[in-house]
Novice: 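Here it is: the structure, laid out below.
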Amino acid sequence: MKIQIDLQGVQTASRQRGIGRYTREATIAFLKLAEGRHDVELLFNAALDGVDEMLDRMVAESLRPRRRAYGPLRDTSSDTPANDARREAGERLLTHALDIGGADVVWLSSLIEGYASDALMPHRSPRQLTAATLYDLLPLQDPKGLGQSRARDWYSRRLEALRSCDLLLAISEWVRVDAIARLGLDPDRVVAIGAGVDERFRPAAAGSDNRAYLARHLLIERPFILYNGGTDTRKNVERLFPAYAALPDHLRDRVDLVVVGALDNATRERFDKAIRAASIAPHRIHLTGYVTDEDLVRLYQACELFVFPSAGEGFGLPPLEAMACGAPVIVNDATSLPEVVGSPAALFDANDVDAMAGAMSRVLDDPSFATALRDAGLLRAARFTWPKVAERALTAIERALTTRPESRSPVATAWVATSASIQAPPDDAQIPVYLADAAHASDVLHRLREWPGLVEWQGPFPDGDHLTAFDRYRAGGWKAVATPGGIDWPEALRAEAIAMRTVESHADGEASRAAWVEAFNGDSMVRQRGIEDEIAAHVAPRLSDTDLARVADAIDRSRPQRATRWLVDVTHISRHDLRTGIQRVVRNILGAWLRTPPVGVRIEPIAFRDGRYEHAHAYAAELLGVEVPEGLVEDPVSISGDEVFVGLDWAMESLPSSATLLRTWHRAGVGMHFVANDILPITLPDAFHPQAREAFVRWLERMTDLADAVHCISQSTADDIAQWLRAERRARPPALTVFPLGVEPLRESRPGLLEKDVAGAFAARPTLLMVGTIEPRKGHAQALDALDLLWASGADLNLAIVGKRGWLVTDLIRRIERHPELGKRLFWFEGCSDETLDAVYEASTALLAPSLGEGYGLPLIEAAQRGKPVIARSLKVFREVAGDYPAYFEGTTGTALATFLARWIVDRPAPGNRLTWPAWQAAAEALADRICDSEHPGRTEKHAAWYGAPHDSA
Amino acid sequence: MTLFRATLRRLFGVLAKHPRLKRAIVDAAYRVPWLDTRLRHLMHRTEHPEAVLDVDPDRLPEGSRHALARMRSRMPR
């Protein structure tokens, strides 16, 4: 069974209240219960907040259900007439999103939203079995409380929506009975599933000193009576003050009154007035406003008594939480509250202040009664758990599904386009059926893109050579562009059509055509055509051009995609390829993916430009060495939620701007993956400018905050990031994986690329080669110190440096440029082509790698591939990448290195065993595997090993 | 794009073609941390302005463009 849960209950202001807590906890418990048994998908409104908190919570519980988002359509709240058309479009959009989700059951977490927020409810009942959580119908007890007519209309529509649901999941038996009576519902359609109390609400552990904590943090120094909950008039808090005042003097002198709950200015004034009227000394009343859950638990645990005088509740979570924490609890004898406390002795009449004061006095004055209430409350609270709520909900849904009559989609009407009318606009029908043959193949292909439909084909197909590069791209992505002939006409047509069939002749096909068309009534594109026509007819004339464009975009993006797209960020390299090591990785991985994408995946390079991501078609074509297909435009990237974002390129400069957009993608279900090369600005802070370090930390924080998984180029980098994340104590740390980098096959070294003098010097004496940007951590200064000592002692050897000038090296560059050995025994190749680098490697004796920190160590592999010995600093990452092939040295002084080199030159020890490294194709496949693995729900064993058990990471 | 951003972009383009001049400016700027920070921030924000979260109605993705065209063609005249 597939169940889709609309989670707007955690997206509006309700997320701070009982509805939000209920939705969150019930959904988490339901996901745990359904795991492995049912397919549960979460649906969010993209115009609202609250998604991140829910995602964090799910990750903390090791849950990763699929999620989608619809919209965003903003300014749809019911309180403003100007929003009416947008809201209607939004409601139709939500209905459509639910219809095409492929679910058997839709569970609406809260229908009572959207008066003052952009929450939406379905325009009509979705086609699937529809369940909704029913919190209460309390406004019907006092309709005047709804105020103006728009609010009454809004509530009436909600009631109609509740009536039309197949199943209502009431949060208490009282709500169930009340709803059956007030709405005239069939009792079988309303099931009480109850509510639960979170495990955090429990009695104080032995030895805990809540009193001292509360005195310190909330300035509550005396024993106290507690109220927690809403502060609107229905909650009766104002009656609590005179009841407190009416307590016998010896009790009132002993205890204060603490009121926890939202406090705006009007409420505070209302309460102050009631406190003054009751002649209570202000210092005996503590109005705390909102408190954290941790403080709330301590308050429950420490109070002498919890009083809940509310006149109406659908359930009444605060008394239950207080009971679970071991507090003696008394409540108003009204609505659901007797059901929650389960004991007549715990009830009072809140309309009678003296009765309330009497009940309070009895608990405060009679320790045995208080103990009996505490014990009974603990036993009672143990019966209310979220797993039990989830079980009742699932049982009710399963039962409703078995008894529900099968619903059929309305049959979409078809318009048959013959060869003569293929190019005419379709009439009012939703599905064009194109009767096509070889003579009209191109016309049909073009037409399908504008008016998707079914293709009935007769006769042979044209030769695939007639497909344009654009057609091939549309059908098979960049792989098809790079490999002409890989796509044939049936594939190209199927990629655009809702469906295609071949017939002997169209005349033969006529008899079975209607039944064939009907089989596609449930197709997402057919349904999209339906909603487009609905909105065009009923809403579009009242929408502005901008709103209509946004509605069209939202509708189109709600359709599931046929293939998963991996959106590979090439923002920087597509603008300017600096030929750095990182960009070499980007070129090689992306090139391999474009030519041979992972199975079922389309690779799309994208770039962040002017605030939006666009397709980077020109860069893809450049990388593949092909022309950009004619007609292929670098459109803005459209997200449906089936995508995976891959931050393959270094994006420190653009991520601060693009992160906001990427976060909306992530909320909509897009998997977020980043490749991390190193975190050297953190592990080697002295080697970087302070500003660069700060910018790097900001980037790392943003990146790891967004990422579902970070894929590291070495275990050392993964360990460094894991350590940093542990120190950061992230609530939702990303998964960490490691993938190997590839090596390029050796090119034939062409003779004559080195200048004559250079070649002569290299031939005359041993040459140590350093490859990498000249920057402080690379150890150039130490190498120069060592060579200066060796040259001074009469040793005859060259030092060749290949690398661009980096940062914080002004003095070092001056030292190189003014060095007396420059051009004699010291050589610097600043701008060096790959071919020249090959020649320098070939002519050198050994690679020298004195770097103080690396994320990988590509030059070590390049040298080893060529059979050149390697002298490297004893870094963990070098040992990981190159094994025991290099000769390792310790020490950071020129003398230490000079001593090591002098001995090495004399001994010339043979390199150790050479490891094997994958080609770039294999490296690209390894990264693709890591991404695919990370997209699966749940954490890998390695993830758990890095961070400990899920709860430890918070 | 604002005139200010366009001008800055042109300036950065010129500097990109003159690496020695760019290097001299970078070398000078990084010795004054607050200036370095301001200039880098300005440069990055000029090249990568803040993300826009709502779709641009004048520049829709292809699928959305077709959906819009279909809806417009079906609107009551």
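All values below come from the heavy atoms of this structure, side chains included, with hydrogens, waters and symmetry mates left out.
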Novice: Under 3.5 Å, is there a donor-acceptor pair linking the side chains of A/H572 and A/S654?
Specialist: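 A/H572 vs A/S654: donor-acceptor pair found between side chains.
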Novice: Do you know which of B/E50, B/R70, B/H66, B/M75 has the most heavy-atom pairs with chain A at a distance under 4.5 angstrom?
Specialist: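 Going by pairs under 4.5 Å, I would pick B/R70.
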Novice: Using a strict 4.0 Å threshold on nitrogen-to-oxygen distance, state whether A/R92 and A/E534 make a salt bridge.
Specialist: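 Answer for the salt bridge query: yes.
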Novice: Closer than 4.0 angstrom, basic N to acidic O: yes or no for A/R449 and A/D471?
Specialist: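 A/D471 and A/R449: salt-bridged.
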Novice: Check whether A/T664 gets within reach of chain B through its side chain, its backbone, both or neither, counting any heavy atom under 4.5 Å.
Specialist: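 Answer is side chain: those atoms of A/T664 sit under 4.5 Å from chain B.
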Novice: Please look at B/D54 and chain A and tell me whether the side chain, the backbone, both or neither of the residue comes under 4.5 angstrom of a heavy atom of that chain.
Specialist: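 For B/D54, heavy atoms of backbone and side chain both lie under 4.5 Å from chain A.
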Novice: Apply side chain to side chain donor-acceptor pair (under 3.5 Å) to A/T773 and list each qualifying residue two or more places apart in sequence or on a separate chain.
Specialist: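 Listed in chain order: nothing, the list is empty.
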Novice: Under 4.5 Å from any heavy atom of chain B, what part of A/R529 do you find: side chain, backbone, both or neither?
Specialist: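 Side chain only.
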Novice: Is A/P690 in contact with chain B via its backbone, its side chain, both, or neither, using a 4.5 Å heavy-atom distance?
Specialist: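 Looking at A/P690, nothing touches chain B.
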Novice: Tell me, yes or no, whether the heavy-atom count around B/R59 atom CZ, taken from other residues, nucleotides or ligands under 6.0 Å, exceeds 12.
Specialist: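 Yes, because the 6.0 Å sphere around CZ of B/R59 holds more than 12 heavy atoms from other groups.
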Novice: Do the charged groups of A/R550 and A/D553 touch, with an N to O distance under 4.0 Å?
Specialist: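 A salt bridge is absent here (no side-chain N lies under 4.0 Å from a carboxylate O).
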Novice: Do you know which of A/P72, A/A540, A/P636 has the most heavy-atom pairs under 4.5 Å to chain B?
Specialist: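 Sorted descending by pairs with chain B, the first entry is A/P636.
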Novice: With only heavy atoms counted, which part of A/A537 is less than 4.5 Å from chain B, the side chain, the backbone, both or neither?
Specialist: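 The answer is the backbone of A/A537.
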Novice: Short question: side chain of A/R693, backbone of A/P681 - any donor-acceptor pair under 3.5 Å?
Specialist: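 Checked: no pair found.
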Novice: What part of A/R609 gets closer than 4.5 Å to chain B, counting heavy atoms only: side chain, backbone, both or neither?
Specialist: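 Neither the backbone nor the side chain of A/R609 comes within 4.5 Å of chain B.
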Novice: Does any heavy atom of chain B fall under 4.5 Å from the side chain of A/I555, the backbone, both, or neither of them?
Specialist: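 Side chain of A/I555 only, per the 4.5 Å heavy-atom cut-off to chain B.
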Novice: Can we say B/R65 and A/E450 salt-bridge, meaning some charged N sits less than 4.0 Å from an Asp/Glu carboxylate O?
Specialist: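 Salt bridge flag = no for A/E450 with B/R65.
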Novice: Between chain B and each of A/R612, A/H689, A/R559, count heavy-atom pairs under 4.5 Å; write down the option with the most.
Specialist: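 Highest number of heavy-atom pairs under 4.5 Å: A/R612.
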Novice: Please classify the contact between A/Q528 and chain B as side chain, backbone, both or neither, with a heavy-atom cut-off of under 4.5 Å.
Specialist: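 For A/Q528, the side chain is the part near chain B, not the backbone.
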Novice: Picking from A/G611, A/A692, A/A552, A/P452, which has the most non-hydrogen pairs under 4.5 angstrom with chain B?
Specialist: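 Winner by heavy-atom pair count: A/G611.
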Novice: For A/D545, which atoms come within 4.5 Å of any heavy atom of chain B: side chain, backbone, both, or neither?
Specialist: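 It is both, since atoms from each part get that close.
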Novice: Decide, yes or no, whether a salt bridge links A/K804 with A/E830 under the criterion of side-chain N to carboxylate O below 4.0 Å.
Specialist: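 No, no charged N to carboxylate O under 4.0 Å.
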Novice: A/A554, A/P656, A/A46: which one forms the most heavy-atom pairs within less than 4.5 Å of chain B?
Specialist: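 Going by pairs under 4.5 Å, I would pick A/P656.
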Novice: Between chain B and each of A/R575, A/H538, A/H576, count heavy-atom pairs under 4.5 Å; write down the option with the most.
Specialist: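 Of A/R575, A/H538, A/H576, A/R575 has the most heavy-atom pairs under 4.5 Å with chain B.
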Novice: So, are A/D118 and A/R74 salt-bridged, with charged N and O less than 4.0 Å apart?
Specialist: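 Result for this pair is no, no salt bridge flagged.
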